Amino acid sequence: MEIVNVRIDERLVHAQVAAVWASTLNATKIVVVDDGASQDEIQQVALKMACPKTVKLSIISAKRAAEKLLEEPSDSQNRLFIVMKGVKTLKKISDCGYIFPEVNIGNLSAKEDGVSLKRSVTLNQEQMDIILELNKKGTKFTSQLVPTEEKIDLVKLIKEKAQ
């Protein structure tokens with residue numbers, strides 16, 4: 001198994017993720033990590049409909065994702081594209097003992113108490129604190145809406161906005 005990208009996108013699987021990202025990454029499996037979706041049959045049906053037919057789909061909880069990631073890798077040839085709704089899910093995985101080397105923040109929309117870091121990314125203080133905490137543990141955070149866009153160092157943007 002190879003993790004080809006970890007993306008936070010509050011929309012989970014949608015046209016941009018399904019068509020553009022999965023294709024560019026040559027992903028063979030999209031893993032949606034979301035506690036709510038893993039328990040909601042209607043949301044699971046919608047996610048399956050949005051997923052390209054050529055790509056497998058798994059929908060699992062944060063705890064189960066951490067367990068699977070901490071297991072010895074099998075001889076699977078899957079190229080995993082991991083997608084989650086928010087940084088709280090990422091923190092749950094980290095709290096279970098797994099730290100991703102790099103995470104792409106794709107789309108987190110405006111919140112009342114949020115700071116707009118770039119066109120597609122608005123974070124509140126709690127989200128920024130989680131990102132900075134996980135960055136200290138070794139996760140590099142970038143922001144890239146589409147694969148053709150330049151990767152931006154999200155931690156640098158947070159530190160600039162916090163001043």
Side-chain angles (χ1 to χ4, degrees), residues 1-14 16-18 20-38 47 57-73 78-163:
M1 136 185 113
E2 176 188 2
I3 297 172
V4 294
N5 197 325
V6 179
R7 180 176 175 86
I8 293 180
D9 190 320
E10 65 192 2
R11 303 167 296 175
L12 293 174
V13 179
H14 54 91
Q16 199 175 71
V17 164
V20 180
W21 277 102
S23 173
T24 301
L25 297 167
N26 199 23
T28 59
K29 186 174 192 176
I30 295 174
V31 180
V32 172
V33 181
D34 186 76
D35 292 346
S38 71
L47 289 167
L57 176 69
S58 287
I59 304 164
I60 58 177
S61 68
K63 183 176 186 276
R64 184 71 184 128
E67 291 168 357
K68 296 288 278 178
L69 290 163
L70 290 166
E71 287 176 4
E72 287 294 318
N78 279 326
R79 292 176 51 84
L80 303 181
F81 179 20
I82 299 173
V83 182
M84 55 192 89
K85 244 183 219 181
V87 295
K88 286 184 180 180
T89 302
L90 191 64
K91 181 168 177 8
K92 285 181 186 178
I93 294 169
S94 167
D95 290 346
C96 290
Y98 189 85
I99 304 292
F100 289 104
E102 184 172 339
V103 174
N104 170 32
I105 308 282
N107 191 309
L108 290 172
S109 64
K111 292 143 194 69
E112 277 183 38
D113 59 345
V115 175
S116 179
L117 299 175
K118 59 177 281 208
R119 183 174 53 98
S120 62
V121 179
T122 299
L123 302 174
N124 63 28
Q125 191 60 52
E126 179 185 20
Q127 292 168 316
M128 288 188 276
D129 290 344
I130 290 170
I131 288 169
L132 293 174
E133 172 191 331
L134 294 177
N135 180 249
K136 285 180 184 168
K137 292 181 179 181
T139 302
K140 176 182 177 185
F141 285 89
T142 60
S143 183
Q144 187 180 23
L145 193 58
V146 292
T148 55
E149 182 180 275
E150 181 185 347
K151 281 186 183 181
I152 294 173
D153 182 339
L154 196 66
V155 171
K156 183 179 175 190
L157 276 182
I158 290 171
K159 289 178 178 177
E160 287 172 358
K161 292 284 185 174
Q163 292 177 351

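No experiment lies behind these values; they were computed from the predicted model shown.
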Return the CD1 to CG distance between I130 and N124, rounded to the nearest 0.5 Å.
8.0 Å
Counting N and O atoms only, with roles assigned by atom type, does the side chain of T142 sit under 3.5 Å from a partner on the main chain of I152, one being a donor and the other an acceptor?
no
Does the side chain to side chain contact (heavy atoms under 4.5 Å, CB included) test come out yes or no for L154 and I131, once each step is laid out?
CA-CA 9 Å; L154 196 66; I131 288 169; 4.0 Å; yes
Heavy-atom neighbours of K118 NZ exceed 12 at 6.0 Å:
yes
Counting only N and O atoms by type, is there a donor-acceptor contact under 3.5 Å from the side chain of W21 to the main-chain atoms of L145?
yes
Value for CG (D153) from NZ (K159), rounded to nearest 0.5 Å, stands at 8.5 Å
Please confirm whether the backbone N or O of F81 pairs with a side-chain atom of N5, one donor and one acceptor, at under 3.5 Å?
no
Locate the shortest heavy-atom distance separating L134 from S94; write the atom from each residue and the value.
CD2-OG, 3.2 Å
Can you find a heavy atom in the side chain of L117 that is under 4.5 Å from one in the side chain of L123?
yes
Distance in Å, T28 OG1 paired with L80 CG, rounded so as to fall on 0.5 Å steps:
6.5 Å
Looking at every heavy atom in both C96 and A66, which two are closest together, and how far apart are they?
CB-CB, 3.4 Å
Value for CZ (R64) from CG (L69), rounded to nearest 0.5 Å, stands at 10.0 Å
Are F100 and I93 side-chain neighbours, meaning at least one heavy-atom pair lies under 4.5 Å?
yes
State, to 0.1 Å, how close R79 and N26 come at their nearest heavy-atom pair, and which atoms those are.
NE-O, 2.9 Å
Any salt bridge linking E126 with K91? Criterion: basic side-chain nitrogen under 4.0 Å from a carboxylate oxygen.
no
Nearest heavy-atom pair of A22 and I30: which atoms, and what distance?
CB-CD1, 4.2 Å
What I'd like to find out is whether the side chain of V31 reaches to under 4.5 Å of the side chain of V83, using heavy atoms alone.
no
Say whether S120 and N107, considering side chains only, have a donor N or O and an acceptor N or O under 3.5 Å apart.
no
Modelled atom types, side-chain donor and acceptor of S109 and E10, under 3.5 Å
yes
Short side-chain to backbone donor-acceptor contact, E149 and V146, under 3.5 Å
no
Please tell me if the side chains of I8 and N104 come closer than 4.5 Å, counting only heavy atoms from C-beta onward.
no
Is the NZ atom of K136 crowded by more than 12 outside heavy atoms at less than 6.0 Å?
no
So, do K140 and V155 sit near enough that their side-chain heavy atoms are less than 4.5 Å apart?
no
Shortest non-hydrogen contact from L47 toward A37
CD1-CB, 4.0 Å
Does any N or O in the side chain of T24 come within less than 3.5 Å of the main-chain N or O of V20, such that one atom is a donor and the other an acceptor?
yes
CG on L157 to CE on M128, rounded to 0.5 Å:
11.0 Å
Pair D35 + K92: basic N to acidic O under 4.0 Å
yes
Roughly how far, to the nearest 0.5 Å, is CD of E133 from CG of L90?
10.0 Å
Pairing donors with acceptors under 3.5 angstrom, does anything connect the side chains of S143 and K151?
no
Side chains of T139 and E102: does their closest heavy-atom pair fall under 4.5 Å?
no
Just so I know, are the side chains of M84 and I82 near enough to count as touching, which here means a heavy-atom distance under 4.5 Å?
yes
